[in-house]
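The sequence lines fix the lettering, A, B, ..., with proteins before strands; numbering per chain opens at 1.
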Amino acid sequence: MENDAPLQKTEEKASGSPSLPTGYVPAEAEPLHCRKWEEDRLYHYDPSRPRSETFVVDTPPPTVSGALHIGHVFSYTQTDILVRYQRMLGKNIFYPMGWDDNGLPTERRVQNLFGVRCEPSVPYKEGYKSAGPKKDLKDYEHISRRNFLELCEAQTAEDEKRYEALWRRLGLSIDWRQAYSTVGAHCRKTSQFSFIDLFRKGFVYSAETPTLWDTTFRTAVAQAECEDREANGFFHEIKFQVQGGGGFTIATTRPELLAACIAVVAHPDDERYKALLGKKALTPLFKAPVPIMPSFHADPEKGTGIMMVCTFGDIADVQFWRDHKLPLRQVIGRDGRLIPVQFGAGLFESADHAAANAAYGGLAGLYAKQARTKTVELLRAEGSLVGEPRPTKQAVKYYEKGDLPLEFVPTRQWYIKILENKPALLEQGRKVAWHPEYMFKRYEQWVEGLNQDWCISRQRYFGVPFPVWYPLDHDGAPDYSSPIIAGPERLPVDPQTDVPPGYAEAQRGKPGGFVGDHDVMDTWATSSLTPMISSRWAIDKARHANLFPADLRPQAHEIIRTWAFYTITKAWMHENSVPWHNAAISGWVVSPDKGKMSKSKGNTITPEGLLQTYSADALRYWAGKAKLGQDTVYDESVFKVGMRLATKLYNASRFAMLQLKGPAAAGAPLSPADITEPLDRAWVAHLKKITDDARADFDNYEYSAVLLYAETAFWDFCDNYLELVKNRAYSGKPAAARSACAALEWTLRVFLRLFAPFLPFITEEVWGGTFAASTGLPTVHKAPWPASAEMAAVDGDPLALETVRKALEAVRTKKAAEKRSVKWPVARLAVTCGPKQAAALRLALEDLLAAGAVDKAGFSLAETGSDDKVLQAVVELGTA
RNA sequence: GCGCAGUUAGCUCAGCGGUAGAGCAUUCGCCUUACACGCGAAGGGUCAUAGGUUCAAAUCCUAUACUGCGCACCA
């Protein structure tokens with residue numbers, strides 16, 4: 001029967017357990033537990049307890065940009081599972097939540113939502129209200145920086161409320177008193193303090209140099225935010241002349257940079273071009289004389305083997321320009337258009353000014369792509385184009401959030417010194433325990449491949465400003481070599497409104513006065529400090545000492561290069577320490593066709609709806625099934641399995657409680673000494689092994705393994721052990737029934753605790769109705785993690801259970817084959833097995849015969865010499 | 001080009017030297033004093049390929065192929 005509906009309350013039955021009602025409706029029960037946990041301060045961090053008893057989590061602050069999706073549910077649940085285990089070990093948990101609400105995602109969201117653009121020159125409007133989204137980009141309203149920031153703050157506050165509600169509903173055991181927002185005063189202060197500390201230690205510098213530049217957002221970006229995208233480009237073969245006669249042909253995919261050509265290079269061993277080295281070439285169209293130089297980075301196999309170096313086509317050009325101190329002929333502007341330049345003036349040399357300027361006149365003001373087309377036309381007209389452009393696949397660098405290729409544009413930016421510190425940063429990475437271990441490789445490979453320092457300044461608005469001003473000289477030009485750094489005591493500062501010491505506001509922007517740095521920091525410059533934001537580094541020394549370094553950093557693998565790397569960097573530079581001892585790297589949720597979950601899919605499937613349909617426990621079950629680092633297919637059938645497990649747990653508990661409230665369990669409290677029956681002892685021995693394994697695996701961050709065998713053991717318990725002891729429990733034989741009760745009691749307490757990190761709601765529901773009173777522990781989530789030592793006095797041979805199960809299976813198979821019910825009587829059961837198996841069978845015979853409805857007179861047992869063989873059984877059914 | 005992970009039943013995965021497993025799906029049954037939101041059973045696999053190590057290989061080693069990802073190159 002198809003039934004996608006949540007658990008429905010079934011008809012109340014007369015014989016229900018006194019403590020657990022018949023129905024359990026997660027959609028109603030789960031929010032109540034959430035509220036209860038909050039009221040009981042279950043998740044509160046206790047600063048009075050020592051570091052050694054504390055488990056500190058450096059939670060990822062999700063980007064606040066609309067809505068959380070199923071991928072968030074997945075990875076945050078995995079963290080919560082680990083945290084709940086630690087809490088049950090008795091640890092004092094520090095589990096904060098942060099909101100990453102500064103930066104471009106917020107700006108973009110606000111722009112679209114309100115139809116506005118930030119224009120710093122527009123004056124502030126008191127009580128401004130947006131007229132709503134606009135269809136056309138040109139209709140966007142231009143508003144002041146302050147109005148824009150106000151919209152950003154209001155919007156993120158709104159989003160954060162929704163996020164928090166979802167996290168609570170999912171059962172994340174966060175201490176909400178520890179929440180922070182990356183744009184809030186505390187984070188701004190911490191970021192600025194970090195900058196000042198790095199400045200004082202000499203780890204940060206500003207320089208005017210070519211940097212990766214996104215022309216759409218008009219900001220610098222860091223290497224970590226770049227990605228390669230495959231594009232269909234064209235090879236253009238272009239003829240160059242050699243001064244003094246001769247010529248050669250270069251191949252390029254970017255002919256529009258021809259005016260920016262500063263050299264031509266060939267491999268020093270390339271026989272074709274050896275004779276040209278040292279001479280000068282003349283560029284087509286612009287007739288600029290450029291040196292022909294040897295370079296090992298010119299690959300004789302590629303293109304024509306000789307290539308032009310421009311300012312700037314790629315990082316190799318930057319390197320070559322820098323190494324050889326060649327002139328800077330920048331033609332790409334900050335907006336991605338070709339800058340107007342004059343040949344024959346300054347650095348733009350030409351052997352024919354008139355021709356050069358005529359050619360360039362047609363290019364200036366065009367976007368790079370348009371200029372490319374135009375250049376090709378000009379080259380063709382001049383006769384410098386050899387053949388026609390040939391299509392080629394090329395990888396082009398983009399800003400990960402951008403739509404146009406990145407350019408190298410010389411601008412002044414702040415950098416953190418990464419390159420010279422690579423060895424130390426690799427070493428720091430090695431000190432962290434990565435889960436899974438192989439994720440360290442990604443870190444290592446990324447650090448080794450870095451070729452630029454970390455550019456931390458962004459030409460944006462909604463972010464943490466640099467606590468920096470520059471003195472202006474008598475012409476009003478800033479002196480960047482003597483920045484005025486704010487004192488730590490006045491942080492956070494906004495250099496646009498605050499005044500540097502020794503100056504007055506009236507001197508802002510005036511010759512001899514000052515100017516504030518108007519850039520903001522890379523959002524990672526703030527989020528790289530999350531462990532220190534939480535610990536209140538630089539504000540509260542005692543707290544910092546108690547919380548730093550953290551124990552656990554959970555995060556996704558795609559931000560190893562950013563978040564993990566930058567955090568390790570900052571912790572080393574500031575504190576000469578690792579930021580955390582463990583990094584747990586979660587996988588991704590992928591769509592059933594193995595692609596990445598797309599936005600459209602994410603929008604149709606909201607976590608809220610899934611929670612309502614399947615319950616939080618069901619979603620958590622799905623997340624808990626996946627190992628760290630491993631991508632998981634989005635599969636709603638797994639939610640259903642999780643839901644079934646929760647229901648089963650509830651029902652099995654009801655049965656156990658029926659027995660525990662019965663006469664056999666009455667009187668003195670049940671104890672291990674009551675467990676006398678061989679089958680019960682065998683079961684307990686089996687479960688003891690599982691508790692030992694569970695602890696070891698959890699300590700190793702292998703929570704999914706625990707869920708796997710806890711679940712297997714639980715279904716086995718229900719389907720076999722419970723069926724076997726059921727009749728004995730009802731039998732009225734005091735000692736035998738009591739043995740079953742004592743085993744059941746412990747078993748239930750073990751399963752509830754084993755499942756508690758995964759299924760916190762159903763386990764708490766049952767615990768509240770069963771053990772809360774008898775154990776004096778009001779919540780399962782602070783009950784001690786199960787240990788085999790709790791049953792140290794009980795030992796048994798799991799073979800007994802195994803053998804009886806095999807015999808019972810034979811009976812069941814026969815009944816199924818004959819299409820009879822499970823209750824159908826068995827007239828004859830003839831078992832052949834080894835001596836140990838036979839001994840086990842004899843001891844548990846009553847349980848077996850009762851569970852199988854086997855006639856005692858029809859049972860026979862024949863022993864063979866060894867236990868190696870599988871038990872054989874002949875079954876004959878009786879008549880009804 | 002370098003690196004990492006993976007390849008086991010129709011699907012999703014576990015197993016990682018000792019008789020090929022689970023869930024889902026499929027098929028056939030069953031009202032059984034916790035649960036029909038349940039229970040029982042059945043069918044279904046040369047464990048990617050080829051070599052090697054071993055008494056014994058899905059499991060260890062070496063290649064190869066394919067898949068995904070990361071890094072680098074990218075005139």
A:Gln630 vs B:U12: side-chain N/O to OP1/OP2 distance below 4.0 Å:
no
Given B:A14, is OP1 or OP2 found less than 4.0 Å from the side-chain N or O atoms of A:Lys627?
yes
Kindly indicate, with the supporting measurements, whether the criterion side chain to side chain contact (heavy atoms under 4.5 Å, CB included) is fulfilled by A:Thr613 and A:Leu610.
CA-CA 5 Å; A:Thr613 308; A:Leu610 293 174; 5.6 Å; no
Pull out every protein N or O sitting under 3.5 Å from an N or O of nucleotides 59-63 of chain B, one pair per line with the distance.
none

For Watson-Crick and G-U wobble pairs within 3.5 Å on both distances, what is RNA chain B written in dot-bracket notation, | included for inter-strand pairing?
((((((((.[[[[.)..(..]]]].(((((.......))))).....[[[[[..)....]]]]])))))))....
Using a strict cut-off of less than 4.0 Å between a Lys/Arg side-chain nitrogen and an Asp/Glu carboxylate oxygen, indicate whether [X] and [Y] qualify as a salt bridge.
X        : Y        : answer
A:Arg254 : A:Glu407 : yes
A:Lys640 : A:Glu636 : no
A:Glu818 : A:Arg820 : no
A:Lys726 : A:Glu723 : yes
A:Arg430 : A:Glu444 : yes

How about A:Ser615 and A:Asp617: does a side-chain donor come under 3.5 Å of a side-chain acceptor?
no
For A:Tyr24 and A:Glu765, does a side-chain donor sit closer than 3.5 Å to a side-chain acceptor?
no
With sequence neighbours excluded, tell me which residues meet salt bridge (charged side-chain N to carboxylate O under 4.0 Å, His left out) with A:Glu388.
A:Arg380
Over 60° means perpendicular and under 30° means parallel, so classify the ring planes of A:His557 and A:Trp588, tilted if in between.
tilted
Using a heavy-atom cut-off of under 4.0 Å over every strand shown, decide if [X] touches base, sugar-phosphate, or nothing.
X        : answer
A:Leu722 : base
A:Val633 : sugar-phosphate
A:Trp715 : sugar-phosphate
A:Ile250 : nothing
A:Lys819 : sugar-phosphate
A:Lys726 : base
A:Tyr709 : nothing
A:Cys310 : nothing

By nearest-heavy-atom nucleotide on RNA chain B, the more 5' of A:Asp299 and A:Phe717 is A:Phe717
Starting at the 5' end of RNA chain B and moving along, which residue's nearest nucleotide shows up first, A:Lys823 or A:Tyr438?
A:Tyr438
Each nucleotide of nucleotides 66-72 of chain B classed B (base within 4.0 Å of a protein heavy atom), S (only sugar-phosphate) or -, in 5' to 3' order, makes ---SBSS
Ring centre gap for A:Tyr614 and A:Trp622 strictly below 6.0 Å
no
For nucleotides 19-27 of chain B, give me every protein contact, N/O to N/O, under 3.5 Å, one pair per line with atom names.
| from | atom 1 | to | atom 2 | distance (Å) |
| --- | --- | --- | --- | --- |
| B:C24 | OP1 | A:Arg644 | NH2 | 2.7 |

Could you check whether A:Arg620 makes a cation-pi contact with A:Phe758, meaning its NZ or CZ is under 6.0 Å from the centre of the six-membered ring and within 45° of the ring axis?
no
A:Thr803 and A:Leu871: side chain to side chain contact (heavy atoms under 4.5 Å, CB included), yes or no, with the steps?
CA-CA 7 Å; A:Thr803 310; A:Leu871 170 150; 3.5 Å; yes
Applying side-chain hydrogen bond (donor to acceptor under 3.5 Å, both in side chains), which residue pairs with at least one partner in residues 704-715 of chain A are found, sequence neighbours left out?
A:Tyr621-A:Glu711, A:Lys625-A:Glu711, A:Asp697-A:Tyr709
Given atom CE of A:Met307 and atom C1' of B:C73, what is their separation to the nearest angstrom?
12 Å
Whole-Å P distance, B:U64 and B:C2
10 Å
When the P atoms of B:C16 and B:A58 are compared, how many Å lie between them, rounded to an integer?
14 Å
